[in-house]
2 protein chains.
Amino acid sequence: MIEDISANAEQAAMFLKGLANPQRLMILCLLAEGEKNVSELIAATGIPQTSMSQHLNKLKDENIVDFRREHRSLFYRLEHPAALKIMTVLHDEYCAK
Amino acid sequence: MIEDISANAEQAAMFLKGLANPQRLMILCLLAEGEKNVSELIAATGIPQTSMSQHLNKLKDENIVDFRREHRSLFYRLEHPAALKIMTVLHDEYCAK
DNA sequence: TTATGATATTATAAAAATATAAAATGAAGG
DNA sequence: CCTTCATTTTATATTTTTATAATATCATAA
């Protein structure tokens, strides 16, 4: 069952690294509520604009989020079922206890 | 539910960083089968001894694994239910597809 | 009590991640 | 068109992670 993750360890680790940052977890928490544009994410988290853009780019690279344009704004959303599952595990471990 | 991970984002991110490395995932795959000593882990993975020791130390720091001594050998085991849950999510995503 | 086997620790160099500032893009309103 | 707003891109310095080599520890068998 679990023992053959090793063959795919490189991919799986890259995916986890996409999540393994406190600011990105905050962003993903917000996106777990529903899609939000970049300005909303900045306002809600206090993360500097440039930094936000880079974090979103990294999440996009790992296909953890996707976005759509609406007028001038880009609305990001969580697009990765496994990422949501992991967020749930983290919630149960670090928030619900 | 999920939205308040942000308050604990730092801790949760540190935990994820403990997992987010291909060699450590391989180690954890093996430990998911049951406890193993360091020599067995080295033989099964090909990871150099020094490197193995450091990875195990990092996993220990995050309380993801624990160990017991038996004669000269140290037997490590997976000691973290949330880590096992995440391994399962990764397995379903990267191995069972 | 010494040698050996099993593992950890320390040191250090290389690679990757993060933060921050400056400049660039691109859509939309006037 | 020109300006402005929302966002990305590029550049760079700092910090963290990883890899590797050398050395140390510590339990045990001889």
Original post:
For B:Thr50, which contact category applies under a 4.0 Å heavy-atom criterion: base, sugar-phosphate, or nothing?
Top reply: base
Subject >> Rounded interatomic separation in angstrom, taking CG from A:Asn57 and P from C:dA19 >> reply: 15 Å
**OP:** Kindly indicate whether the side chain of B:Glu79, heavy atoms from C-beta on, has any atom under 4.5 Å from the side chain of B:Val65.
**Re:** no
**OP:** Please state how far atom CZ in A:Arg68 lies from atom P in C:dA27, giving the value in whole angstrom units.
**Re:** 16 Å
Subject >> B:Arg69 CZ - D:dA27 P separation (whole Å) >> reply: 6 Å
Subject >> Sugar-phosphate, base or nothing in reach of B:Ser53, heavy atoms under 4.0 Å >> reply: base
Original post:
For A:Met52 and D:dC5, what is the distance between atoms CE and P respectively, to the nearest whole Å?
Top reply: 20 Å
Subject >> side-chain N/O B:His55 vs D:dA19 OP1/OP2, d < 4.0 Å >> reply: yes
Original post:
Would a 4.5 Å heavy-atom cut-off, applied to side chains only, mark A:Phe15 and A:His80 as touching?
Top reply: yes
Original post:
Considering only C:dT18, D:dA19, C:dT7, which nucleotide approaches the side chain of A:Asn21 most closely?
Top reply: C:dT18
Original post:
Toward the 5' end of DNA chain C, which comes first, A:Glu70 or A:Arg24, by nearest nucleotide?
Top reply: A:Arg24
Original post:
Looking at the side chain of A:Arg72, which of C:dA27, D:dA27, C:dT7 is the nearest nucleotide?
Top reply: C:dA27
Original post:
Is there a donor-acceptor contact under 3.5 Å from the side chain of B:Arg77 to the main chain of B:Lys36?
Top reply: no
Original post:
In whole angstrom, what separates A:Leu56's CG from D:dT9's C1'?
Top reply: 14 Å
Original post:
Counting N and O atoms only, with roles assigned by atom type, does the side chain of A:Ser51 sit under 3.5 Å from a partner on the main chain of A:Ile47, one being a donor and the other an acceptor?
Top reply: no
Subject >> Residue met sooner reading DNA chain D from 5', once A:Gln54 and A:Leu74 are mapped to nucleotides >> reply: A:Leu74
Subject >> Heavy-atom pair of closest approach, residues B:Leu78 and B:Ala83 >> reply: CD1-CB, 4.4 Å
Original post:
Is B:Ser73 touching bases, backbone alone, or none of the nucleic acid, heavy atoms closer than 4.0 Å?
Top reply: sugar-phosphate
Subject >> D:dT18 phosphate, OP1 or OP2, under 4.0 Å from B:Lys58 side-chain N/O >> reply: yes
Original post:
So do B:Leu19 and B:Arg24 actually touch side chain to side chain, heavy atoms under 4.5 Å?
Top reply: no
**OP:** Please state whether the base of C:dA8 and the side chain of B:Gln49 form at least one donor-acceptor pair under 3.5 Å?
**Re:** yes
Subject >> Rounded distance in Å - CD1 (B:Ile47) to P (D:dT20) >> reply: 11 Å
Original post:
Starting at CZ of B:Phe67 and ending at C1' of C:dA6, how long is that distance when rounded to a whole Å?
Top reply: 13 Å
Original post:
At under 4.0 Å, does any side-chain N or O of A:Ser51 touch on OP1 or OP2 of C:dT20?
Top reply: no
Original post:
When we call it a touch if two heavy atoms are under 4.0 Å apart, what does A:Phe75 touch: a base, just sugar-phosphate, or nothing?
Top reply: nothing
Original post:
Which part of the nucleic acid does B:Tyr76 contact within heavy-atom distance under 4.0 Å: base, sugar-phosphate only, or nothing?
Top reply: sugar-phosphate
**OP:** Round to a whole Å and report the spacing from CD of B:Glu10 to P of C:dT18.
**Re:** 11 Å
